[in-house]
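A short worksheet on the structure shown next.
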Amino acid sequence: MPELPEVETVARQLEPELEGHRIEELEVLDARWSRPVPPAALGDAVRGATIEGLGRRGKYLMLALDGDRTLVMHLRMTGNLVLVEGDDILDPAAGRLLYQGERTTEARHLRARCVLDDGRELWFTDPRRFGEAFLIDNADLPARFAKLGVEPFSPEFTPEALGGMAAGRTAPLKSFLLDQSRIAGVGNIYADEALYRARLHPLSPAGSMKPEHRLALRDAVVDVLQMGIDAGGSSIDDYRDGRGEKGTMQEKFLVHTREGQPCPSCEGEIVRIVVGGRSTYFCPSCQVKLRRRPRRRAK
DNA sequence: CGCGCAACCTGTCTGC
DNA sequence: TGCAGACAGGTTGCGC
């Protein structure tokens, strides 16, 4: 679930909290999280490091450490990174994580905990265990992320760039938006919301967009991601921000998870289909399906 | 290279 | 109540 807005929210919340602090210990409880590096090896490598910052690239969280290294983490489907301290460690009523030395609720999904020099702890919890982390030298970062696409908030994400990426593509627009090697950070939720706002059908071939469609889609992608950040992310199920709180973007969905409900624009019924194996919600009357563009204009 | 799909995991919900 | 099956926000690898 965590897509760009969720990862950005966590990074922005936690960066000021973590910056300048030293890592006393990194305990990896699930070997899957650090593999292929053994848990103890990652812990040893990170012990004593000072945190210099926390950022994001695509859906990756980047914890900058001294010594020109970065601990890269990915939340995948159900991962959460939360800062906990003292008593706070558990109050289910307050919607927070709990941990009392015993495995209770969320705490049973604890995959790694990072103890800071002031006693606070950074927890990586993840029921489905798809999340992961690795330590990398900053010099190797460009190569490692070479295949990651353009950042949606960068000046390079123009309608023309979008058109260039889509040219000749026959894959459905929905699949196109989810391709991290083209645009980094858009996931299933925001792809649906962006296509709806751009009034584009999720099954339209990516290469079928005309200039006005590219402009609309670029703007819609940027807008929905910004809305997501402003709302502190979407909490459909597992997602919690860096403080363990829910985001509110799910309350602003216009189509996602709204099967059978009225379209906010035409009152027609929102439909759910499966595209590329992913649930896709849209309004059949507002989102027009484009035809595949002829390769050559007939004269 | 482009595209579609299975696989990776666990938890939750639905229907019989 | 029990149980099988479907489904869930992401990414990678494989086959065509």
Side-chain angles (χ1 to χ4, degrees), chain A residues 1-10 29-36 56-61 72-81 103-111 124-134 144-149 164-195 202-208 224-225 228-229 231-241 246-253 255-260 272-281 292 295:
Chain A
M1 107 330 109
E3 305 179 27
L4 186 154
E6 289 72 32
V7 178
E8 181 71 23
T9 296
V10 171
L29 296 93
D30 184 348
R32 266 193 74 94
W33 192 72
S34 61
R35 73 178 184 183
R56 176 194 64 74
R57 173 77 174 96
K59 298 173 191 170
Y60 290 86
L61 268 167
V72 181
M73 292 172 273
H74 198 298
L75 304 170
R76 292 293 184 101
M77 300 281 262
T78 54
N80 280 310
L81 188 67
R103 296 191 161 199
T104 60
T105 60
E106 290 89 347
R108 81 190 140 126
H109 299 132
L110 188 59
R111 304 300 170 199
F124 192 108
T125 64
D126 185 10
R128 262 172 105 177
R129 303 176 65 206
F130 286 147
E132 59 185 357
F134 58 91
R144 176 62 180 73
F145 290 103
K147 280 181 277 186
L148 211 49
M165 291 185 266
R169 299 282 74 77
T170 58
L173 274 173
K174 175 65 182 276
S175 303
F176 172 74
L177 286 178
L178 295 180
D179 183 349
Q180 302 299 298
S181 71
R182 302 185 187 284
I183 306 166
V186 178
N188 207 36
I189 294 173
Y190 296 92
D192 282 359
E193 294 298 309
L195 287 171
L203 289 176
S204 293
S208 66
V224 297
L225 292 177
I229 293 171
S234 307
S235 293
I236 295 177
D237 193 9
D238 297 283
Y239 172 72
R240 297 295 182 274
D241 65 20
K246 291 186 178 185
T248 60
M249 182 64 191
Q250 67 280 4
E251 298 165 11
K252 298 180 175 140
F253 290 170
V255 287
H256 194 75
T257 69
R258 298 193 63 243
E259 179 181 19
R272 171 187 179 272
I273 59 175
V274 174
V275 182
R278 322 302 306 280
S279 279
T280 299
Y281 302 84
R292 182 173 177 176
R295 228 179 266 164

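Residue numbers start from 1 in every chain, and the chains themselves are labelled A, B, ... in the order their sequence lines are given, proteins ahead of strands.
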Strictly under 3.5 Å: I want the nitrogen or oxygen pairs between protein and nucleotides 1-3 of chain B, one per line.
unit_1 : atom_1 : unit_2   : atom_2 : d
B:dG2  : O3'    : A:Arg169 : NE     : 3.3
B:dC3  : OP1    : A:Arg169 : NE     : 3.4
B:dC3  : OP1    : A:Thr170 : N      : 2.6
B:dC3  : OP1    : A:Thr170 : OG1    : 3.3
B:dC3  : OP1    : A:Ala171 : N      : 3.0
B:dC3  : OP2    : A:Arg169 : NE     : 3.2

Would you tabulate the pairs of protein nitrogen or oxygen atoms and nucleotide nitrogen or oxygen atoms of nucleotides 11-15 of chain C closer than 3.5 angstrom?
unit_1 : atom_1 : unit_2  : atom_2 : d
C:dT11 : OP1    : A:His74 : NE2    : 2.8
C:dT11 : OP2    : A:Lys59 : NZ     : 2.8

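To the nearest angstrom, P of B:dC13 lies 11 Å from CG of A:Asp238. The interatomic distance linking A:Asn80 (CG) with B:dT10 (C1') rounds to 15 Å, in whole Å. Taking atom CD1 on A:Ile273 and atom P on C:dC7, their separation rounds to 14 Å, with Å as the unit. One atom, CD1 of A:Ile236, and another, C1' of B:dT12, lie 15 Å apart when rounded to the nearest Å. Distance, A:Arg32 CZ to B:dA7 P: 15 Å, rounded to whole Å. For A:Trp33 and B:dT10, the CH2 to P distance is 18 Å, given to the nearest whole Å.
Using a 4.5 Å heavy-atom threshold, the side chains of A:Val186 and A:Leu4 count as separate. Between A:His74 and A:Phe130, the closest side-chain pair of non-hydrogen atoms is not below 4.5 Å.
Among the heavy atoms of the strands, none lies under 4.0 Å from A:Arg111. Within 4.0 Å (heavy atoms only), A:Gly277 reaches no atom of the nucleic acid at all. Base engagement by A:Asp237 is indicated by at least one non-hydrogen atom pair under 4.0 Å involving a base atom.
Every residue was checked against the ring-ring contact (aromatic ring centres under 6.0 Å, His included) condition with A:Phe134, not counting sequence neighbours, and none meets it. Residues satisfying the salt bridge (Lys or Arg N to Asp or Glu O under 4.0 Å) test with A:Asp237, not counting sequence neighbours, are none. Partners of A:Phe176 according to the ring-ring contact (aromatic ring centres under 6.0 Å, His included) rule, which considers only residues two or more places apart in sequence or in another chain, do not exist here.
Contact between the side-chain N/O atoms of A:His109 and the OP1/OP2 oxygens of B:dG11 is found at a separation under 4.0 Å.
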For DNA chain C, what string of dots and brackets results from 5' to 3' when Watson-Crick and G-U pairs need both distances under 3.5 Å, crossing pairs get [ ], and pairs with another strand get |?
.|||||||.|||||||
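Annotation: A:Tyr281 is not in aromatic contact with A:Phe253 [ring centroid separation under 6.0 Å not met].
A donor-acceptor contact under 3.5 Å is not formed by the side chain of A:Arg129 with the base of B:dC9.
Atom P of C:dC3 sits at a distance of 25 Å from the matching atom of B:dC9, rounded to the whole Å.
For the side chain to side chain contact (heavy atoms under 4.5 Å, CB included) with A:Met249, the qualifying choice from A:Pro5, A:Ser235, A:Ser234 is A:Ser234, the only one to do so. Looking at A:Leu203, A:Val274, A:Ile273, A:Leu195 one by one, the single match for side chain to side chain contact (heavy atoms under 4.5 Å, CB included) with A:Lys174 turns out to be A:Leu195.
The side chain of A:Met77 sits closest to C:dG10 out of B:dG4, C:dG10, B:dC8. Listed candidates were C:dG10, B:dC9, B:dG11. Nearest to the side chain of A:Glu3 is C:dG10.
If A:Gly276 and A:Arg128 are placed on DNA chain B by their nearest nucleotide, the residue sitting closer to the 5' end is A:Gly276.
Ion pair A:Asp126/A:Arg76 not flagged as a salt bridge, since none of the NZ, NE, NH1 or NH2 atoms sits closer than 4.0 Å to an Asp/Glu carboxylate oxygen.
Note that the CG atom of A:Leu177 and the CG atom of A:Asn188 stand 10.5 Å from one another [nearest 0.5 Å].
In this structure, a donor-acceptor pair under 3.5 Å is present between the side chains of A:Glu6 and A:Tyr190.
Between A:Glu193 and A:His256, the shortest heavy-atom contact is OE2-N, 2.8 Å.
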